[in-house]
Amino acid sequence: MKLINKLTIFAISGFVLTSCGSSFLDVESKTESNVDNFYSTQNDALRALIGCYDGWRQVSSNPGIGFYVSSTVMSDETFGATGNGDGYGYQAIDSFDLSKSPADANLYETDWSDYYAGIYRCNMLIQNSEKIKWNSESDKGRIMGECRALRAILYFDLVRWFGHIPLLRVPSTELLEQADPAEVYALIFDDLQYAIANIPDDAYHGNNPDSAIISGTWGRITKQSAQGILARAYLYYTGYYNTQPGWTDENGNVIGNVTKAEALEGLEDVISSGYYSLVSDYTSLWVAASVYPIEGEPGWNTETSFYVGDENSEVMLSQNFTPTQDYNGNNDSNRWLVMMGMRNYNTNSFGLPYGRGWGACTVCPNFYNNYLANDPRGNAAVINLAGEGIANGAEWEAAVNDWREYTGLTVKKYTPMVYGNGNPATNPDGTAGFQECNPTPWVILRYADVLLMAAELGSPNAQTYLDMVRARVGLGSVAPTFENIMNERRVEFAMEGLRYWDLLRQGVDVLADAIMASNNQAVLNGGADAVVTYERTKIIETQGLSQIPQNQITLSNGKLNQNKGWY
């Protein structure tokens, strides 16, 4: 089997869509389609675009490691954890050391395949876009802008994760060597620049002050979300590689040439658009931090719950899911949310909404203790079992005895939920499976990130932007220095999959120092005293890159080489 050939099976399935829930993804194909009779009308293009969005969703719905789980484990925020009797794959990821789990030479194989499947879908639409009879050039620009932004996001995840990856610009099954990362980033920037230039300013925006997006289109790429992702990619690329982006192709054309001024201008454009705003209560952004069960019943207590909702004025882009996943090929839920749930422990008897899971990502005490005592973001991000009064009783003891690297702290922003009757909050009556039917979205980009990136890039309004983020949680003004902005990002975006990349773009030494701050941390493994250890040299050797699946290297017949530190 060739490296890319296995991906086409997943990619072609994007033509035959099934019902996916209550967002714009809820579209069902009425006829079978194939490449020969497809790509004729704008409706065909829209169906293909939905397949591209679904391909992006698959990277979190299929049972791989998951980019956002991996990013959290690799950072200084959490340990790998999981069950005391489980394999040690999460420890290998956490410590950048395959010797912790030598049998796990293919930790990311599902992720690798799913990402290229999503890219394949985008490439199919891009390649066939000129066959389509468009209703207008504006419609073409909007739809193709979304498609190219999705391809950029998929490649941005992959190239950060693995560094050296094949670059496919067309839906090809050719075995390719690893591209220069600069060429991959050039495509990312070029795609995002196209999206920014072609998606109308007001696309998907309504007049609802509580939400920046018209209901029913939530989750679609806007011009403003593309501008935010471009700035994020610019900061990461120029930080990690210490150079400016841009690539000269075989025809002498320079693509992906983004300047600092362009990145900042895009962020300022987002801010001045008026479409987005910070929600007043930080805690209300996170469902597990702001809803409370009804004792003995399904549903939430409307008098005490204050969740602002998935669709709100601050969330600019999210990866959305529905509670309808099963084991018969329907992959549309946040499959790996359950990994970060408390190990086999429901808390409905405490009047709290946290459900059971597999116990990954126990929070490092060193990270949690760095929150200021008066900063509400700490307890919005982290479940402190003792502090919330749930670290007691026979069920808790049984959970701890089955939990590895237990610290008494675990992720709150992303955790399964449970109703007051003990059933999982996966659908209205709690009958859907707790493992696979979690609808909680991954938040990809928030307005707070735009404000802090603009401050970091040197906006004349840097002080105002930093103060806005801090004032929201009751904190006073500090100077907008790089150090203060990085400290603010650490607490503002904890457990959101950003911290690892914020550390790494400052240099692998900075990353290693942050992780080593938790070296020799005391934990419980199955209720017994233990410690978590790291080797700084291991982190440095990998340069922060992850293990390319060994099977893919074998199938490539020498085209792919493993990243350093993962041999």
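- A donor-acceptor pair is defined here as one N or O able to donate and one able to accept, closer than 3.5 Å; no such pair exists between the side chain of Asn251 and the backbone of Asn253.
- Under the 4.5 Å side-chain criterion, counting only non-hydrogen atoms from C-beta, Asn334 is in contact with Trp442.
- Side-chain atoms of Gln325 come within 3.5 Å of backbone atoms of Asp332 as a donor-acceptor pair (strictly under, hydrogens ignored).
- From Leu168, atom CG reaches atom OH of Tyr120 across 10.0 Å, with rounding to the nearest 0.5 Å.
- When all heavy atoms of Glu488 and Leu466 are compared, the pair lying nearest together is CG-CD1, 3.8 Å.
- Side-chain N or O atoms of Ser556 include one that pairs as donor or acceptor with a backbone N or O of Ile553 at under 3.5 Å.
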Original post:
Under the side-chain contact (heavy atoms from CB on, under 4.5 Å) criterion, do Ile165 and Trp112 qualify, and how do the steps go?
Top reply: CA-CA 10 Å; Ile165 60 172; Trp112 182 277; 4.2 Å; yes
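- Residues Ile539 and Val508 share a closest heavy-atom pair of O-CG2, 3.8 Å.
- Closest heavy-atom contact between Ile153 and Leu317: CD1-CD2, 3.9 Å.
- For the pair Thr322 and Pro439, the minimum side-chain heavy-atom distance is 4.5 Å or more.
- Using modelled atom types, one finds no donor on one side chain facing an acceptor on the other under 3.5 Å when comparing Asn123 with Arg169.
- Side-chain contact of Gln521 with Asn366: a donor-acceptor pair under 3.5 Å is absent, judged by distance alone.
- A salt bridge does not link Asp114 to Arg57: none of the charged nitrogens lies less than 4.0 Å from a carboxylate oxygen.
- Within the 4.5 Å cutoff, the side chain of Phe367 has heavy atoms near those of the Met495 side chain.
- A side-chain donor-acceptor contact under 3.5 Å links Tyr327 and Glu436.
- Side chains of Asn525 and Val523 form a contact here, defined as non-hydrogen atoms less than 4.5 Å apart.
- Qualifying side chain to side chain donor-acceptor pair (under 3.5 Å) partners for Arg335, counting only residues two or more places apart in sequence or in other chains: none.
- Side-chain contact between Asp269 and Gln227 is present, with at least one heavy-atom pair separated by less than 4.5 Å.
- A cation-pi arrangement is not found for Arg404 relative to Tyr406, the charged atom failing to lie both closer than 6.0 Å to the ring centre and inside a 45° cone about the ring normal.
- At least one test fails for Arg505 against the ring of Tyr236: distance under 6.0 Å to the centre or angle within 45° of the axis.
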**OP:** Kindly indicate, with the supporting measurements, whether the criterion side-chain contact (heavy atoms from CB on, under 4.5 Å) is fulfilled by Gln319 and Val59.
**Re:** CA-CA 10 Å; Gln319 193 176 49; Val59 301; 3.6 Å; yes
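- Side-chain N or O atoms of Thr82 include none that pairs as donor or acceptor with a backbone N or O of Asp86 at under 3.5 Å.
- In this structure, Tyr276 OH and Leu445 CG are separated by 8.0 Å, a value rounded to the nearest 0.5 Å.
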Original post:
side-chain contact (heavy atoms from CB on, under 4.5 Å) between His164 and Asn561: does it pass, once the steps are laid out?
Top reply: CA-CA 8 Å; His164 311 288; Asn561 295 306; over 6 Å; no
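- No hydrogens or angles considered: nothing links the side chains of Trp336 and Ser60 as a donor-acceptor pair under 3.5 Å.
- The side-chain heavy atoms of Tyr53 and Leu150, taken from C-beta on, include a pair separated by under 4.5 Å.
- Closest approach of Tyr282 and Glu492 over heavy atoms only: OH-O, 2.6 Å.
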**OP:** Walk me through it: do Leu49 and Leu125 pass the test side-chain contact (heavy atoms from CB on, under 4.5 Å)?
**Re:** CA-CA 7 Å; Leu49 177 63; Leu125 178 52; 4.2 Å; yes
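- A salt bridge links Arg148 and Asp190; the closest N-O separation between the charged side-chain nitrogens and carboxylate oxygens is under 4.0 Å.
- By the 4.5 Å heavy-atom criterion applied to side chains, Thr243 and Thr238 are not counted as neighbours.
- Salt-bridge check for Glu456 with Lys260: failed, with every basic side-chain N at 4.0 Å or more from each acidic carboxylate O.
- Salt-bridge formation is not detected for the pair Arg232/Asp502: no Lys NZ or Arg NE/NH1/NH2 atom is positioned less than 4.0 Å from an Asp or Glu carboxylate oxygen.
- Salt bridge annotation for Glu174-Lys559: absent, with no cationic side-chain nitrogen under 4.0 angstrom from a carboxylate oxygen.
- In this structure, Glu77 does not pair ionically with Arg499, as no charged nitrogen and carboxylate oxygen lie closer than 4.0 Å.
- Judged purely by distance below 3.5 Å, without hydrogens or angles, the side chains of Ser95 and Glu535 never pair a donor atom with an acceptor atom.
- Residue Ala380 comes nearest to Lys412 through the heavy atom pair O-CD, 3.6 Å, listed as atom of the first residue, atom of the second, then distance.
- Counting non-hydrogen atoms of neighbouring residues, nucleotides and ligands closer than 6.0 angstrom, the CG atom of Asn520 exceeds 12 such neighbours.
- Arg536 forms no cation-pi arrangement with Phe96, by the criterion of a distance under 6.0 Å to the ring centre and an angle within 45° of the ring axis.
- One side chain, Asn484 or Thr481, offers a donor N or O that lies under 3.5 Å from an acceptor on the other.
- Taken from CG in Leu337 to CD in Gln435, the straight-line distance is 12.5 Å, to the nearest 0.5 Å.
- How far CD of Glu405 is from OG1 of Thr410: 12.0 Å, rounded to the nearest 0.5 Å.
- A donor atom on one side chain and an acceptor atom on the other are found under 3.5 Å apart for Glu146 and Tyr204.
- Rounded to the nearest 0.5 Å, atoms OG1 (Thr440) and CG (Asp310) are 7.5 Å apart.
- Looking at Val443 and Tyr414, their side chains come closer than 4.5 Å, going by heavy atoms from C-beta outward.
- With Phe67 as the fixed residue, the ring pair (Phe, Tyr, Trp, His ring centres under 6.0 Å) test singles out one of Tyr108, Trp501, Tyr500: Trp501.
- Taking CG of Asn257 as the reference point, atom CD of Gln193 lies at 7.5 Å (rounded to 0.5 Å).
- Tyr567 and Gln547 form no side-chain donor-acceptor contact under 3.5 Å, judged by distance and modelled atom types alone.
- The existence of a salt bridge linking Arg489 and Asp449 is confirmed by a sub-4.0 Å separation between a basic side-chain nitrogen and an acidic carboxylate oxygen.
- Using modelled atom types and a 3.5 Å distance limit, the side chains of Asp94 and Tyr534 yield a donor-acceptor pair.
- A donor atom on one side chain and an acceptor atom on the other are found under 3.5 Å apart for Tyr115 and Asp157.
- Around the CD atom of Gln550, the shell of radius 6.0 Å holds more than 12 heavy atoms that belong to other residues, nucleotides or ligands.
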Original post:
Are Lys564 and Glu541 close enough, and set up right, to give a salt bridge (charged side-chain N to carboxylate O under 4.0 Å, His left out), and what steps lead you there?
Top reply: CA-CA 6 Å; Lys564 292 180 180 179; Glu541 185 180 11; over 6 Å; no
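- Nearest heavy-atom pair, Met144 versus Ile126, reported as atom, atom and distance to 0.1 Å: CE-CA, 3.6 Å.
- A side-chain donor-acceptor contact under 3.5 Å links Trp161 and Ser70.
- Note on residues 236-248: no pairs pass salt bridge (charged side-chain N to carboxylate O under 4.0 Å, His left out), not counting sequence neighbours.
- Remark: the backbone N or O of Leu98 is not paired with any side-chain donor or acceptor of Ser101 at under 3.5 angstrom.
- Checked by atom type, the side-chain pair Ser113/Thr110 shows no donor-acceptor distance below 3.5 Å.
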